[in-house]
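The structure presented is a predicted model; accordingly, all values stated were derived computationally and were not measured.
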Amino acid sequence: MEQMTANIGHSADNAKQTEQIARQTNLLALNAAIEAARAGEHGKGFTVVAAEVRKLAERSQVAAGEIVEESRNSLEVSERAGEMLTALVPNITKTSDLIQDISASALEQDKGASEINKALQQLDEVVQQSAAAAEELSAQAEQMNSAMEFFVVDEQARGQHAVAKKQPSASKKANSTGSKKSAAEPRAKQEPGFAIDLSDDTEFVRY
Amino acid sequence: MSAVKQILSFILHEEHFGLTISHIQEVLEYRRVTAVPRTPAFLLGVTNLRGQVVPVVDLRALFGLEQQPLTIDSCIIIVDIALGDEQVAVGLLADRVCEVMEIDEACLNKPPRLGNQINTDYIEAIARQEDDFIILLDLARVFSGDEISAVTQAVQLMGAGVDESSEVDS
């Protein structure tokens with residue numbers, strides 16, 4: 001961009017130089033025309049040449065002037081573009097920073113995800129182990145069950161055993177409910193509402 | 001075929017002026033002019049033309065026109081004027097020199113007596129050129145009396161000095 005500006009400036013300088021040369025050529029042609037006119041009849045042909053040269057010089061002067069003007073305009077435009085680009089730079093830097101942040105976050109996310117993956121794999125292993133253990137247990141239990149089939153247990157003895165086993169738990173239950181009831185009784189007496197004594201309302205303040 | 005007059009046209013204060021070509025030596029780009037003290041305001045100073053001291057006259061000041069800053073087109077027209085029996089070169093500062101042109105004598109009008117910005121004594125004739133007028137200046141009458149003596153004084157005053165300085169330069 002800067003180089004472009006410099007180039008335009010350079011061509012403007014060149015055009016200015018051309019303008020200068022054209023002006024000098026113009027003056028030279030004028031002087032030639034004057035000389036030719038002073039030479040009278042003999043200089044007539046030269047007068048025409050000089051006039052033509054002068055016209056050419058004038059035209060190149062005009063053209064050079066236009067070039068100068070145009071390059072001045074494009075210089076302005078490119079300067080403005082340069083300014084805009086410079087104004088864009090901070091935004092671009094900011095975007096780049098943001099993208100870097102995003103990249104860092106993504107990396108972290110990746111790390112987290114792989115950790116989760118690892119953990120899940122471990123979990124999977126553990127589950128499989130426990131499944132294997134459970135299968136083994138179940139196999140043992142079946143084995144035990146089949147081993148127990150071997151023994152024949154007397155039905156009566158079985159029932160007595162069951163009652164004896166039941167009783168202590170029942171008494172325990174009764175005990176616990178009893179204690180609960182005794183605790184609930186005084187509360188039940190108090191239950192129907194509060195007896196509010198309104199005669200003694202020194203605690204209240206009337207507004 | 002009627003006679004034609006060759007003139008050099010130039011612009012001063014946005015008006016076209018003309019000078020008969022036979023009086024003109026050459027046209028110069030504006031160059032530094034050495035101011036000469038104690039000379040009238042219309043005399044800008046002197047310039048060195050190939051070792052020759054040439055007084056330069058500001059036509060605007062001489063004609064009582066408004067002063068304007070010099071432009072890139074400003075030129076000095078070197079003219080020959082008769083001073084007694086010798087010819088003296090004098091520079092005239094013009095805003096812009098246009099071209100050498102031929103004017104049919106039939107297009108020349110006598111100057112009007114009134115309504116000009118310029119004292120009509122200076123005017124040789126007024127030429128019609130398409131829709132424009134070209135005021136032809138009579139150099140002999142432009143530089144007459146006081147003006148010419150001021151110019152010659154300046155030349156005499158500065159002659160020796162400039163010659164010295166040109167020697168120093170070379």
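Comparing B:I72, B:L8, B:V97 by how many heavy-atom pairs each has under 4.5 Å with chain A, the most go to B:I72.
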- [ ] Dump the intermediate steps for side chain to side chain contact (heavy atoms under 4.5 Å, CB included) on B:E26 and A:L30, then the final yes or no.
- [x] CA-CA 8 Å; B:E26 62 183 296; A:L30 259 176; over 6 Å; no
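Around the CZ atom of B:R60, the shell of radius 6.0 Å holds more than 12 heavy atoms that belong to other residues, nucleotides or ligands. For B:Q68, the CD atom counts as densely surrounded, since its 6.0 Å shell holds more than 12 non-hydrogen atoms of other residues, nucleotides or ligands. The environment of B:R31 atom CZ is dense: over 12 non-hydrogen atoms of other residues, nucleotides or ligands sit within 6.0 angstrom. Summarising the local packing, CD of A:E136 is surrounded by 12 or fewer heavy atoms from other residues, nucleotides or ligands at distances under 6.0 Å.
Listed by first and then second residue, the side chain to side chain donor-acceptor pair (under 3.5 Å) pairs that reach into residues 32-57 of chain A are A:R54-A:E58, A:R54-B:E99, sequence neighbours excluded.
Within the 4.5 angstrom heavy-atom criterion, no atom of A:A51 approaches chain B. Contacts of B:C98 with chain A are made by backbone atoms alone, with heavy-atom separations under 4.5 Å and no side-chain atom involved.
No side-chain heavy atom of B:L28 sits under 4.5 Å from any side-chain heavy atom of A:N31. For the pair B:E29 and A:L27, the minimum side-chain heavy-atom distance is below 4.5 Å.
A:I34 contributes atom CD1, which lies 10.5 Å from atom CD of B:Q6 (distance to the nearest 0.5 angstrom).
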